[in-house]
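Notes for the one structure printed next.
So you know, we letter chains A, B, ... as the sequences are listed, proteins then strands, and number each from 1.
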4 protein chains.
Amino acid sequence: MWLPIDSRSSTPIYQQIIDGIKERIAKGVLEPQSKLPSIRELAMDLTINPNTIAKAYQELERGRVIEVVRGKGTFVCALTEAPRSASQLPLLRESLKKLLVEAHHLNVPFSEVTQELENMIASWFEEKEGE
Amino acid sequence: MWLPIDSRSSTPIYQQIIDGIKERIAKGVLEPQSKLPSIRELAMDLTINPNTIAKAYQELERGRVIEVVRGKGTFVCALTEAPRSASQLPLLRESLKKLLVEAHHLNVPFSEVTQELENMIASWFEEKEGE
Amino acid sequence: MWLPIDSRSSTPIYQQIIDGIKERIAKGVLEPQSKLPSIRELAMDLTINPNTIAKAYQELERGRVIEVVRGKGTFVCALTEAPRSASQLPLLRESLKKLLVEAHHLNVPFSEVTQELENMIASWFEEKEGE
Amino acid sequence: MWLPIDSRSSTPIYQQIIDGIKERIAKGVLEPQSKLPSIRELAMDLTINPNTIAKAYQELERGRVIEVVRGKGTFVCALTEAPRSASQLPLLRESLKKLLVEAHHLNVPFSEVTQELENMIASWFEEKEGE
DNA sequence: GTGGTCTAGACCACC
DNA sequence: GTGGTCTAGACCACC
């Protein structure tokens with residue numbers, strides 16, 4: 001598996017791995033129940049310290065995004081394992097607020113934000129289909 | 001001036017101050033040309049070290065969000081000083097992508113994201129008017 | 001007399017005044033022996049605190065660029081009052097070095113620096129003649 | 001690494017460090033991709049507080065002169081990362097103007113400025129080769 | 001090991 | 001009054 005890692009970025013490498021895997025899952029490139037590469041394998045692919053991969057996997061497991069099956073490997077969780085709760089809408093709203101603040105300081109009108117969001121949703125699963 | 005600061009958060013305090021001020025500007029609570037509290041004053045209000053406030057103000061000045069007038073104080077920049085360039089849409093799209101990834105992992109359907117965004121835009125300047 | 005002053009610049013205002021007057025003298029706009037505006041007059045013109053103008057004039061007097069004649073006013077020094085000494089070439093070389101360091105980091109080739117310098121010299125007294 | 005620091009100068013120490021490092025890079029003494037001393041190491045060498053070195057490094061990183069690799073250290077950027085843009089010639093011209101103003105007040109004729117500049121360019125990389 | 005953040009407190013230049 | 005710099009020393013995350 002390949003993920004875009006920038007060792008010069010201020011975002012920690014383990015966080016970049018988390019973000020990259022979550023994005024691939026969200027886009028449907030990594031499907032529920034599918035197997036992830038082993039820590040060593042991914043460390044080799046990305047030429048990164050295995051400890052760093054391990055930290056990313058631990059965080060993803062804590063967040064119920066992936067699960068470790070002893071002796072078999074690591075797998076993407078089924079959707080039902082992360083059921084929706086009332087606490088999740090406030091989190092999303094917080095992100096939405098930050099998005100609008102950013103848009104304002106980039107001088108992008110809100111109407112364009114809505115438009116861009118709709119465009120992105122429309123083409124969201126493209127990467128998966130083109131796979 | 002009050003800003004919500006969480007000293008236990010992993011987000012640095014100076015960054016929380018930056019975010020808080022940018023949000024107040026974006027919502028119109030802090031208008032262009034209006035005066036910000038002095039470093040010492042804000043440090044007292046938030047019971048935070050003046051150096052930390054100074055770092056936040058310096059970052060905001062570098063980003064052309066605020067400007068320092070020698071010996072007089074610090075002021076919100078006029079809008080025209082941060083003109084829009086072609087490099088800004090990609091930044092917004094990156095944020096939009098992260099938003100959709102987050103929504104997926106929170107089990108919030110994209111249609112609801114769009115709906116929430118429109119609601120938030122509709123009530124964006126409420127805080128200012130209620131002031 | 002008008003000078004370009006930016007109260008938001010990180011260069012102190014009194015320094016901007018010094019630089020502006022030195023530039024006008026170097027370009028021949030202000031000729032040797034010519035009279036400068038009084039402190040009060042210049043303070044009015046630039047809408048700046050008279051103390052700030054006074055500080056600039058004091059520094060210029062210390063550097064033998066201008067001289068105060070009691071009861072008559074302030075005048076540009078004659079050239080002969082700032083005779084050339086051996087200590088001045090090193091100062092210029094220090095400035096030249098900084099110029100080349102800057103050019104390197106701006107990715108401007110040295111050949112272009114030389115060319116730009118010659119162009120600038122060729123058109124140096126234009127402002128005076130157009131006066 | 002040694003840099004000439006004057007703690008009595010009006011130029012801030014962190015700025016002197018920035019200038020010194022930029023000069024060493026421009027002269028080729030510090031080559032692209034080469035490693036800079038760690039903050040603590042340089043602080044020891046120059047007997048300066050680590051915070052001051054850190055500020056200098058952060059400014060240099062913002063200017064894309066150096067880059068931080070997490071946990072590994074700080075390195076000189078590759079040249080291609082600071083591409084030339086149209087906004088850079090005006091900055092150089094501003095510096096050239098200041099140079100000519102200074103030359104005039106030092107009583108150094110412009111012909112000698114040109115001559116000194118050409119001499120300096122001719123011997124620019126000497127320090128590197130003599131290394 | 002590396003750099004990043006924060007506090008406490010001092011001193012300074014500028015207006 | 002204002003912001004800017006610096007020290008001394010602590011603690012933290014990352015690799």
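Per the geometry, CD1 belonging to B/I53 stands 14 Å off C1' belonging to E/dT5, to the nearest Å. E/dT2 atom C1' lies 13 Å from atom CG of D/L36, rounded to whole Å. In this structure, the CD1 atom of D/I18 is 10 Å from the P atom of F/dT5, given to the nearest Å. Counting to the nearest Å, the P atom of F/dC6 and the CG atom of D/L42 are 14 Å from each other. In this structure, CZ of D/R8 is placed 18 Å from C1' of F/dT5, rounded to the nearest angstrom. Spacing between atom CD of B/E59 and atom C1' of E/dG4 amounts to 12 Å, rounded to whole angstrom units. Rounded to whole Å, atom P of E/dG9 lies 16 Å from atom CD1 of B/I48. When rounded to the nearest whole Å, the span between CD1 of B/I39 and P of E/dA10 equals 18 Å.
For B/V68, the side chain to side chain contact (heavy atoms under 4.5 Å, CB included) partners at least two apart in sequence or on another chain are B/E61, B/T74. Scanning for side chain to side chain contact (heavy atoms under 4.5 Å, CB included) contacts around B/Q15 gives B/T11, B/P12, B/I18, B/D19, with sequence neighbours left out. By the side-chain hydrogen bond (donor to acceptor under 3.5 Å, both in side chains) test, D/E59 is found to be paired with D/R62, residues two or more places apart in sequence or in another chain being considered. For C/D45, there are no side chain to side chain contact (heavy atoms under 4.5 Å, CB included) partners two or more places apart in sequence or in a different chain. A/P50 is linked by a side chain to side chain contact (heavy atoms under 4.5 Å, CB included) to A/I39, A/A43, counting only residues two or more places apart in sequence or in another chain.
Listed candidates were F/dT7, F/dG4, E/dT5. Nearest to the side chain of B/V68 is F/dG4.
Contacts of D/N51 with the nucleic acid, taken as non-hydrogen atoms under 4.0 Å apart, include base atoms. D/T74 comes within 4.0 angstrom of sugar-phosphate atoms only, judged by non-hydrogen atoms across all strands, and of no base.
Applying the salt bridge (charged side-chain N to carboxylate O under 4.0 Å, His left out) test to pairs two or more places apart or on separate chains, those with a residue in residues 93-105 of chain C are C/R93-D/E116, C/E94-C/K97, C/K97-D/E23.
A donor-acceptor pair is defined here as one N or O able to donate and one able to accept, closer than 3.5 Å; such a pair exists between the side chain of D/Q16 and the backbone of D/D6.
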Full working for side chain to side chain contact (heavy atoms under 4.5 Å, CB included) between B/V65 and A/H105: CA-CA 8 Å; B/V65 176; A/H105 285 97; 4.1 Å; yes

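Under 4.0 angstrom from either OP1 or OP2 of F/dG3 there lies no side-chain N or O belonging to B/Q58.
In terms of heavy-atom proximity, B/P32 sits nearest to B/A78 at CB-CA, 4.2 Å.
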Every protein N/O lying under 3.5 Å from an N/O of nucleotides 11-15 of chain E:
| unit_1 | atom_1 | unit_2 | atom_2 | d |
| --- | --- | --- | --- | --- |
| E/dC14 | OP1 | C/Y14 | OH | 2.9 |
| E/dC14 | OP2 | C/K55 | NZ | 2.7 |
| E/dC14 | O3' | B/R70 | NE | 3.2 |
| E/dC15 | OP1 | B/R70 | NE | 3.2 |
| E/dC15 | OP1 | C/I13 | N | 2.8 |

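Taking five base pairs at each end of the helix from E/dG1-F/dC14 to E/dC14-F/dG1, the local helix axes there meet at an angle of 30°, rounded to 10°.
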